[in-house]
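In what follows, a structure is listed as structure tokens, so that the remarks can point back to it.
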Amino acid sequence: RLPSLLAGLGFALLTAALGTRLFSGRTGFYSGLFAASAIQPVVYGRTAVPDMLLAFFVCLALYGFVLWEQADNNKGKKTSLLMLYLGSALAFLAKGPLGVILPGITVAAYLVLSRRLKEVLRLELWWGIPLFLLTAAPWFVYMYNLHGPAFLEEFFLQRNLQRYFTNRWAHPGPVYYFLPILVIGAFPWSLALLGGAAQSLGRLWPDWKNSFKEKKSELFLWCWFGAMLVFFSFSRSKLPNYVLPLYPAAAVLGGSFLAAVEKSPGRKQPAALVGGTALLALTVLLAGILLLPGKVSMPGTLVVASLAPLALIPLGAVIFTCNKKLAVFWGFSVAAMALVFAIVSGVALPRAERFTAVKTLSESRLHSLGDRERILCLQVWPPSLLFYTGREVVRFDPRRDCWDDFVKEGGRWVLTRERSMSMLDSLMQGRTPAEKYRKGDFLLVRLENIPDAAGSAPEDNY
């Protein structure tokens with residue numbers, strides 16, 4: 001998880017720098033707080049998946065483009081382009097073609113809408129593309145030599161093209177799927193994001209006849225936010241993590257709104273924002289206490305302890321009514337989120353059975369596998385199984401894979417779920433499993449004993 005953590009820290013700092021560059025230091029301050037404490041960026045900054053690395057390097061590339069736009073000398077433009085191309089190459093290494101597509105569609109939309117498409121010629125692609133290839137290509141060449149065409153098919157065809165154009169991975173969603181994801185994922189800054197989006201569009205729209213010459217910063221943010229949102233909305237496969245790279249733009253929209261509200265001479269707008277955010281926090285707190293214990297197999301007291309810091313947000317609203325300082329309220333909000341994540345990741349999740357089941361089963365039953373014993377996953381795919389067992393794991397598909405071949409090659413263990421036992425029984429053709437172990441949502445089944453130990457009585461350990 002360390003790479004995700006470091007990328008998350010860089011992500012928040014880059015977002016703060018982006019807000020400062022495009023608007024003001026106060027906008028950058030709020031944008032950085034947004035990126036560092038909103039639910040979705042923090043969650044992916046603590047997980048062992050490449051999404052935060054992708055988001056950080058995409059942000060680095062687009063921040064390089066912003067610096068290039070603002071540079072007033074040749075040296076500054078060269079350095080900015082270096083950041084753009086290296087950021088894209090490292091994003092490509094993190095998660096494939098998205099590392100080029102996402103910065104590419106953002107910059108293309110910006111240049112087209114500002115009617116400056118000829119500016120592409122000034123991006124010095126003649127050395128940028130070779131630099132990109134020199135950075136990204138060696139790893140793929142190495143992996144191709146190691147694994148052959150199977151690697152390219154898995155990485156490019158299945159993990160990228162098929163994920164976007166087909167529903168093979170069974171993660172469908174309507175075209176508006178990511179809109180509620182963004183609003184929820186931005187908590188506690190959800191209302192700031194909505195207010196910032198509305199305010200920004202209100203400023204941007206009157207300038208369209210002038211090719212947005214007076215509102216370049218607004219246009220660039222919307223090209224970043226909008227182009228990525230539209231791109232992912234038309235994907236046949238949808239998961240919440242897809243939209244993480246557009247959070248810097250979302251955070252700056254929210255940060256610019258907060259900076260404007262802070263300067264507002266009236267009291268109604270700040271009071272409405274603070275009151276609405278406090279009410280939202282109370283709703284999340286109560287809903288979590290009522291609904292989560294049954295969903296995550298966690299004691300109610302642990303759920304209450306995990307969510308209790310959210311009460312700091314309405315407390316901050318009460319203090320705001322006394323001193324009228326918006327920054328103090330958001331300080332309470334950030335502290336609340338920091339405490340929630342500290343308790344959840346440090347205390348609650350390690351005690352939640354559904355999140356520790358694979359580790360427990362691996363360490364108790366799969367820690368000393370024989371040389372011939374292989375593991376199969378049926379209708380489930382927890383990547384952590386590879387980490388905890390240190391073994392090759394077969395992802396079995398009954399439509400294309402042969403059960404007998406798996407058994408002949410040493411297949412002895414199957415990880416599945418209770419609802420998939422009927423499928424496993426049909427594959428085993430009536431044979432009784434030697435052992436069964438259940439933990440959380442998972443069921444670990446040991447098949448009939450290895451031939452020289454056949455005949456021993458089966459054991460059912462639930």
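Quick caveat: nothing in here was measured; it's all calculated off a predicted structure.
The structure places OG1 of Thr301 at 11.5 Å from CD1 of Ile289, a figure rounded to the nearest 0.5 Å. The distance from atom CG of Leu253 to atom OG1 of Thr27, rounded to the nearest 0.5 Å, is 10.5 Å. Here the straight-line distance linking atom OG of Ser364 with atom CG of Leu444 works out to 8.0 Å at 0.5 Å rounding. Here Tyr85 contributes atom OH and Leu131 contributes atom CG; the two are 9.0 Å apart, rounded to the nearest 0.5 Å. The distance from the OG atom of Ser384 to the NZ atom of Lys359 is 10.5 Å, given to the nearest 0.5 Å. Rounding to the nearest 0.5 Å gives a distance of 5.0 Å between CG of Leu424 and CE of Met421.
Checking side-chain atoms of Ser190 against main-chain N and O of Phe187 turns up a donor-acceptor pair under 3.5 Å. Within the 3.5 Å criterion, the main-chain N or O of Leu302 finds a donor-acceptor partner in the side chain of Ser306. Side chain of Asn167 to main chain of His171: a donor-acceptor pair is present (N/O by atom type, distance under 3.5 Å, no hydrogens or angles). No donor-acceptor distance shorter than 3.5 angstrom exists from the side chain of Lys439 to the backbone of Thr360, with no hydrogens or angles considered. At least one donor-acceptor pair under 3.5 Å links the side chain of Lys238 to the backbone N or O of Ser235.
Ring-plane geometry between Phe220 and Trp224 is classed as perpendicular, the angle between the planes exceeding 60 degrees on a 0 to 90 degree scale with a lower cut at 30.
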Steps toward side chain to side chain contact (heavy atoms under 4.5 Å, CB included) verdict (Thr277, Leu279): CA-CA 5 Å; Thr277 302; Leu279 183 61; over 6 Å; no

Check against ring pair (Phe, Tyr, Trp, His ring centres under 6.0 Å), Phe92 and Phe132: CA-CA 9 Å; Phe92 193 98; Phe132 173 90; 5.6 Å; yes

Trace of the side chain to side chain contact (heavy atoms under 4.5 Å, CB included) decision for Leu157 with Gln162: CA-CA 6 Å; Leu157 180 61; Gln162 288 188 1; 3.9 Å; yes

Leu125 vs Val120, side chain to side chain contact (heavy atoms under 4.5 Å, CB included): CA-CA, chis, key distance, verdict: CA-CA 8 Å; Leu125 295 172; Val120 171; 4.1 Å; yes

Candidate pair Met83 and Trp68, rule side chain to side chain contact (heavy atoms under 4.5 Å, CB included), full reasoning: CA-CA 9 Å; Met83 188 180 298; Trp68 175 79; over 6 Å; no

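Residues Ala186 and Phe34 share a closest heavy-atom pair of CB-CZ, 3.7 Å. Residues Tyr437 and Leu361 approach most closely at CB-CD2, 4.0 Å, considering heavy atoms. Closest of all the heavy-atom pairs between Leu385 and Ser362 is CD1-OG, 3.5 Å. Smallest separation of non-hydrogen atoms from Leu133 and Pro138: O-CD, 3.7 Å. Listed here is the closest heavy atom pair of Leu82 and Trp127: N-CH2, 3.8 Å. The shortest heavy-atom contact between Tyr242 and Ser237 is CE2-O, 3.0 Å.
Counting only heavy atoms from C-beta outward, the side chains of Leu182 and Leu229 approach each other to under 4.5 Å. The shortest distance between side-chain heavy atoms of Leu98 and Phe232 falls below 4.5 Å. At a threshold of 4.5 Å between non-hydrogen side-chain atoms, the residues Val340 and Leu310 count as touching. Looking only at side-chain heavy atoms (C-beta outward), Pro248 and Ser31 stay at 4.5 Å or farther from each other. Side chains of Cys223 and Leu219 form a contact here, defined as non-hydrogen atoms less than 4.5 Å apart. Counting heavy atoms from C-beta on, the side chains of Lys216 and Tyr110 come closer than 4.5 Å. At least one side-chain heavy atom of Trp381 sits under 4.5 Å from a side-chain heavy atom of Val393. At a threshold of 4.5 Å between non-hydrogen side-chain atoms, the residues Ile375 and Val394 do not count as touching.
The side chain to side chain donor-acceptor pair (under 3.5 Å) test applied to Trp403 returns no partner, not counting sequence neighbours. Looking at residues two or more places apart in sequence or on another chain, you find a side chain to side chain donor-acceptor pair (under 3.5 Å) between Lys95 and Asp51. Applying the side-chain contact (heavy atoms from CB on, under 4.5 Å) rule to Phe151 yields the partners Phe140, Met143, His147, Phe155; only residues at least two apart in sequence or on another chain are considered. The side chain to side chain donor-acceptor pair (under 3.5 Å) check on Ser200 picks up Glu218, Trp222, with sequence neighbours excluded.
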Counting only pairs under 3.5 Å, give me each side-chain donor-acceptor contact of residues 35-42, with atom names and distances, residues two or more places apart or in other chains.
unit_1, atom_1, unit_2, atom_2, d
Ser37, OG, Leu33, O, 2.6
Ser37, OG, Trp189, NE1, 2.9
Gln40, OE1, Tyr247, OH, 2.6
Gln40, NE2, Pro240, O, 2.6

Cut-off 3.5 Å, no hydrogens considered: what does the side-chain donor-acceptor table look like for residues 3-16, sequence neighbours left out?
unit_1, atom_1, unit_2, atom_2, d
Ser4, OG, Thr47, O, 2.6
Ser4, OG, Val49, O, 3.3
Thr15, OG1, Phe11, O, 2.7

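For Trp139, the CH2 atom sits in a loose shell: 12 or fewer heavy atoms of surrounding residues, nucleotides or ligands are nearer than 6.0 Å. Residue Phe156 qualifies as enclosed at atom CZ: its count of foreign heavy atoms under 6.0 Å is above 12. No more than 12 heavy atoms of other residues, nucleotides or ligands shown are found within 6.0 angstrom of CZ on Arg1.
The pair Arg116-Glu69 meets the salt-bridge criterion, with a side-chain N (NZ, NE, NH1 or NH2) lying under 4.0 Å from an Asp/Glu carboxylate O.
With ring centers used as reference points, Phe23 lies 6.0 Å or more from Phe257.
Side-chain contact annotation: Thr166 with Arg236, donor-acceptor N/O pair under 3.5 Å absent.
At least one test fails for Arg374 against the ring of Phe406: distance under 6.0 Å to the centre or angle within 45° of the axis.
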